[in-house]
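Just follow the structure's listing: the first ligand is 1, and inside any ligand the first atom is 1. When reading the values below, keep in mind they use all heavy atoms of this one structure, side chains included, and skip hydrogens, waters and symmetry mates. Only a predicted model underlies this, so the values are computations on that prediction, with no experimental measurement involved. In this chain, numbering begins with 1 at the start of the sequence shown.
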Amino acid sequence: MAQETSRDVGPVVLLGPPGAGKGTQAKRIMERYKIPQVSTGDILRYNVAQGTELGVAAKAVMARGELVSDDLVCEMVRLRLKQPDCKRGYILDGFPRTAAQAEWLDALLENELFDNPRPTRAWPIVIRLEVDYNQLLLRITGRRSCPTCGRIYNVHFQPPQVDEICDVNGTKLVTRNDDRLEVIQPRLAAYQEQTTPVAEYYQRTGRLISINGDRPMDEVTQQIFRILEDHHA
Ligand code: AMP
């Protein structure tokens, strides 16, 4: 893949439904620009596991699959973004989840981090990966993994040589529980309902960049790199 670079990237927000390839693209951005991924879900899970005050407050809400209050999540994000590893930029993952969080982030970047001379106070670059709904269903429901070596296949796009069997070690492949059709449809509907207001907020403020996530993965990556580099050229 492309070589890493130490340019300042600023805040990056990746929007896209489960299966759109956000995880893969985020990993490539991290590797190339050496900036951290800030995942609110991960930080919350860590707090729950450690039994911190935040973790105790968030635990039941998360178990119900509901959103943790904006106050708690925003304070948590504020503390994380002040860490030195975020100075050149960061990829927000799972945040903002509501329009209020998106507005809060803009205010934070404009006000609180204002004395920071690095361009982390630049507006976030918001990239939405758009994937055709049927394509998304095929990507997710076709996903299989080897319980022994972790290798991922797709029965439609990247099938193993022998049906449902790992090429590497002959183990029978498995489907993740939340990749089943009856689970994925409500997951996609919930995603749509939750993130539409966030996308609309960035659209309104003229900052939403949509790209075609149906294109091959490497092509999407190159397009994202170009957007990030043009933005700070
Ligand atoms: P995730 O791993 O991103 O799916 O997040 C797991 C859970 O953490 C979510 O179901 C929410 O309960 C909570 N959570 C993560 N990010 C946020 C956020 N930005 N706002 C509110 N709750 C969040």
Side-chain angles (χ1 to χ4, degrees), residues 10-30 35-83 86 89-109 112-113 120 123-129 131 136 139-140 143 145 152 176-180 182-203 205 207-208 213:
V12 180
V13 175
L14 282 182
L15 299 177
K22 272 193 325 253
T24 305
Q25 300 300 342
K27 192 157 171 289
R28 292 178 173 184
I29 298 172
M30 278 169 69
I35 57 174
Q37 180 170 13
V38 174
S39 158
T40 45
D42 284 351
I43 306 176
L44 284 166
R45 277 185 289 276
Y46 175 81
N47 277 277
V48 171
Q50 296 292 311
T52 64
E53 203 178 317
L54 169 63
V56 170
K59 189 174 178 177
V61 181
M62 289 173 72
R64 289 196 300 270
E66 292 167 13
L67 290 183
V68 175
S69 77
D70 287 344
D71 286 355
L72 289 179
V73 175
C74 291
E75 178 57 12
M76 179 183 97
V77 170
R78 192 177 68 80
L79 294 174
R80 179 66 188 89
L81 298 189
K82 287 188 140 181
Q83 299 299 309
C86 290
Y90 42 85
I91 307 162
L92 284 168
D93 174 7
F95 186 92
R97 279 271 228 294
T98 63
Q101 290 178 4
E103 277 177 50
W104 173 88
L105 179 66
D106 278 353
L108 178 85
L109 296 172
E112 187 152 340
L113 299 179
T120 40
W123 297 127
I125 304 178
V126 186
I127 300 175
R128 176 166 63 180
L129 297 177
V131 183
L136 214 53
R139 280 195 196 178
I140 300 171
R143 196 147 62 181
S145 64
I152 310 276
R176 252 172 49 180
N177 252 337
D178 56 356
D179 280 350
R180 291 174 202 284
E182 60 278 20
V183 182
I184 191 61
Q185 280 172 326
R187 249 174 91 199
L188 288 173
Y191 166 83
Q192 199 65 26
E193 195 185 329
Q194 247 177 41
T195 51
T196 300
V198 175
E200 280 172 358
Y201 173 79
Y202 286 122
Q203 180 98 55
T205 49
R207 277 184 279 132
L208 185 68

Exercise. Tell me, which residues have any heavy atom less than 4.0 Å from some atom of ligand 1?
Worked result: T40, G41, L44, R45, M62, E66, L67, V68, V73, G94, F95, R97, Q101
Exercise. Counting distance only, does the side-chain N/O of R128 pair as donor-acceptor with the main-chain N or O of G16 below 3.5 Å?
Worked result: no
Exercise. Crowded around E193 CD? As in, over 12 foreign heavy atoms under 6.0 Å?
Worked result: no
Seminar exercise, completed: The complete set of salt bridge (Lys or Arg N to Asp or Glu O under 4.0 Å) pairs with one or both residues in residues 98-109, sequence neighbours excluded, reads D106-R207
Problem set entry | Non-neighbouring partners of R143 that pass salt bridge (Lys or Arg N to Asp or Glu O under 4.0 Å), sequence neighbours left out | D179
Problem set entry | Check: Q25 main-chain N/O paired with R28 side-chain donor or acceptor under 3.5 Å | no
Could you go through residues 51-62 and list every donor-acceptor pair under 3.5 Å that involves a side-chain atom there, pairing it with any protein atom two or more places apart or in another chain?
{"unit_1": "T52", "atom_1": "OG1", "unit_2": "N47", "atom_2": "O", "d": "3.4"}
{"unit_1": "T52", "atom_1": "OG1", "unit_2": "N47", "atom_2": "OD1", "d": "2.7"}
{"unit_1": "T52", "atom_1": "OG1", "unit_2": "G55", "atom_2": "N", "d": "3.0"}

